[in-house]
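Below is one structure, written out as structure tokens, with a few remarks after it.
Bear in mind that the values here come from a model prediction, so they are computed numbers and not experimental data. Below, chains carry the letters A, B, ... as their sequence lines are ordered, and counting in each starts from 1.
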Amino acid sequence: MEYITSIKEIGKFQKELGISSILSVDTETTGLDVWMDSLLLLQVKTYDETFVFDCEKLGENNISYIVSLIESSGKLVLFHNAKFDLKFLKQKTGVMIHNVYDTMLAEILIYQGVNGENKFPSLYQVVEKYCGVKLNKEVRESFYKDFKGVTQEQIIYAVEDVAYLEKVREKQLAEINRTKQEKVLELEMKLVPVVSDMELNGILLDKAVWLQLSDISKDNREKSSVDLYEKIWQDIISVSTQKTALELFDLLKVQVKTKKDKALFESITDLDTIKEYFLERFNLNSPSQIFALLTNIYGIKDLPSTNEKDLVKLVPKYPIIADIVSYRGLSKSVTSFGENYFEYINPATGRIHTTLNQLRADTGRFSSSSPNLQNIKRESEYRNAFVAEKGYKLISCDYSQQEYRLCGSITKEPAIIQAYKSGMDMHTMTASKVFHVEPYQVTKEQRNKAKGYNFGILYGANKFGLSYALGCTVDEADEIITAFFAGYPVLSKVKNMIVNLVWKNKYSSTLLGRKRFFENQTMFSDDKELQKYRRKLEKEGFNHVVQGSGADVTKLALCKIYYENPFGSDLKLVLTVHDEIICEAKEEIALQAKDFMIKCMEEVEQEFLGEIPALAEGRISSCWEH
DNA sequence: CATGAAAGCGCC
DNA sequence: AAAGGGCGCTTTCATG
């Protein structure tokens, strides 16, 4: 072990760097915040030596030099959870490391789908699993608490953190090869610097615009609430036979917890006073109270739930339900898309830096959290609140019907292929099949309906599920499904083949070879349970093939845009939303940048589409337009 | 008072 | 009897 505190001691490191083909790297920092916290140690294991660089003693310039030596060496660099270290090193030194292997991500690929709650396997876990060694966890934490200079103990354990990564990688590669995920592994590793870059870039939110939206929603929620309480109260007094406040609260499932309250409410019989307490205690946000209200006051029988889909069916008979649904929407706007977003504006950059998890979803899709920027409301007012820096533009490009094109390519269904080749799409073709008309005769309304059929049937809805989703009868849904599969005989056949294979193999595979594994459950209480489990695997498996292939395509596109970017820092990736990629670009190059993005996206998609033409569309604006 | 499950709903 | 895939966030409610 070499503990390095002066740049004069760098000679041995350079020599070791030259003769090593693989490096293992880790950092110790004062905390998790890339902008607020600082680097303490940088550990680099070469072929037969481990160097511990003291970042405080060496200073930023020297650390930058060391990191640039690593990056320019082109050697493969092993990390566990590379994104964290990459972001820190890039932020502190200006250098991004690109040729990386992440033992955490590789481990997720090996267990994709069957890792249960353990979505982020720790270094401790993989080292124990593959090397039979238990690392000391406590010392790692000592960097965060009362840090006063590096201790001998900390240095020893810092070395341990990079000691086992090569062995872990070797064993993981055997599993990756066994499951034929070499291409997916390569893609995910290439993607790590891209994702790190996107998180560091962040996106700008126009506070004033957002606040205005929030205030409007708040106002409307308040009005809606007052109005709704009054209507409900009028209906209560017209039907209720309850004598006391307590009886009413029991009926409405309003919790009365203390004995004191219980006694109080039992004694209240005056209507005006009951109303006062009703306004105070009845909670419009409580599904259980709304359920009790609809059941016990409005007399609705067999209400399956109070979710929107079940409620809207009853609007014609019970107009109050429209108000409840409307209140819910406003409440959602306020609580989920309101001032809470301001907490996520980074004080150092003034931007929102979401966390993008490249392997959190079992299908291979990205997820986004803190905040989730993949579920911003589609209403243009909300997306338009995300803006470009002065002198820049936001470029949003999305794939046109990515999953339906992939579905056509995966199943080789001639009707779908023909539709896209002739400039039509699957929705129109499905409408033609289901409504038994020629494609050119399909009306807008029919096409719209067919959209719902495509989504539902493709992802495994049966006649019951489809009738529920569409709000039609089971017989009607049955007819639609029959016409769908009769119209797409090849899709029907291939889909059956795929789901049978999923059941047999207990995994599914995307076009790039990304796997989703399923538990091999063998114990079932009865045949019904077995069939239920089989249907679940078939649905999730087929969905994975399509949705996961979509994820493959978008991830390949992100890499292509990042690695082949001819505009340097004038073009930055800022976000991805499944089939959409958003960049921020200098105004002067925005037009060319959009063309470049579209070209990258279409090229990688075309590789998977065969005869079906790839298509991506883009918009340039001072804000996020979608 | 903390924690976790469940319901509900925003997006693709 | 039967209820479409994938997420994350907020709220309520039960539990310890």
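In this structure, the NZ atom of A/Lys332 is 11 Å from the P atom of C/dC9, given to the nearest Å. Regarding A/Lys313, its NZ atom lies at a distance of 13 Å from the P atom of C/dA3, rounded to whole Å. Between A/Leu466 atom CG and C/dG5 atom C1' the separation is 14 Å, expressed in whole Å. To the nearest angstrom, C1' of C/dC13 lies 7 Å from NZ of A/Lys257. Rounding to whole angstrom units, CG of residue A/Asn285 and P of B/dA6 are separated by 21 Å.
In terms of phosphate contacts, A/Ser369 brings no side-chain nitrogen or oxygen within less than 4.0 Å of OP1 or OP2 of C/dG8. Residue A/Ser367 places no side-chain N or O under 4.0 Å from the OP1 or OP2 atom of C/dG6. Taking 4.0 angstrom as the limit, A/Asn283 places none of its side-chain polar atoms (N or O) nearer than this to OP1 or OP2 of C/dT11. Taking 4.0 angstrom as the limit, A/Gln255 places a side-chain polar atom (N or O) nearer than this to OP1 or OP2 of C/dA14. For A/Gln547, no side-chain nitrogen or oxygen approaches OP1 or OP2 of C/dC7 to under 4.0 Å. Within the structure, every side-chain polar atom (N or O) of A/Asn375 is placed at least 4.0 Å from both OP1 and OP2 of C/dC9.
Rounded to whole Å, the separation between the C1' atoms of B/dA7 and C/dA3 comes to 16 Å.
For A/His626, counting side-chain heavy atoms from C-beta on, the closest listed nucleotide (C/dG4, C/dG5, B/dC12) is B/dC12. Ranking B/dC9, B/dG10, C/dG4 by closeness to the A/Ala461 side chain, first place goes to C/dG4. Set against C/dG8, C/dA14, C/dG5, the side chain of A/Arg360 has C/dG8 as its closest nucleotide.
Taking each heavy atom of A/Val195 and A/Gln358 in turn, the nearest pair found is CG2-OE1, 3.7 Å.
Within the cation-pi definition used here (under 6.0 Å to the ring centroid, within 45° of the axis), A/Lys332 does not qualify as a partner of A/Tyr327. With a 6.0 Å cutoff to the six-membered ring centre and a 45° limit on the axis angle, A/Lys539 does not count as a cation-pi contact of A/Tyr459. Cation-pi geometry between A/Lys506 and A/Trp503 is satisfied (NZ or CZ under 6.0 Å from the ring centre, within 45° of the ring normal).
Salt bridge absent: A/Glu580 and A/Arg378 never bring a charged side-chain N and a carboxylate O closer than 4.0 Å.
Across all strands shown, C/dG4 forms no Watson-Crick or G-U wobble pair with both distances under 3.5 Å.
Under 3.5 Å, the side chain of A/Glu540 and the base of C/dG5 form no donor-acceptor pair of N or O atoms.
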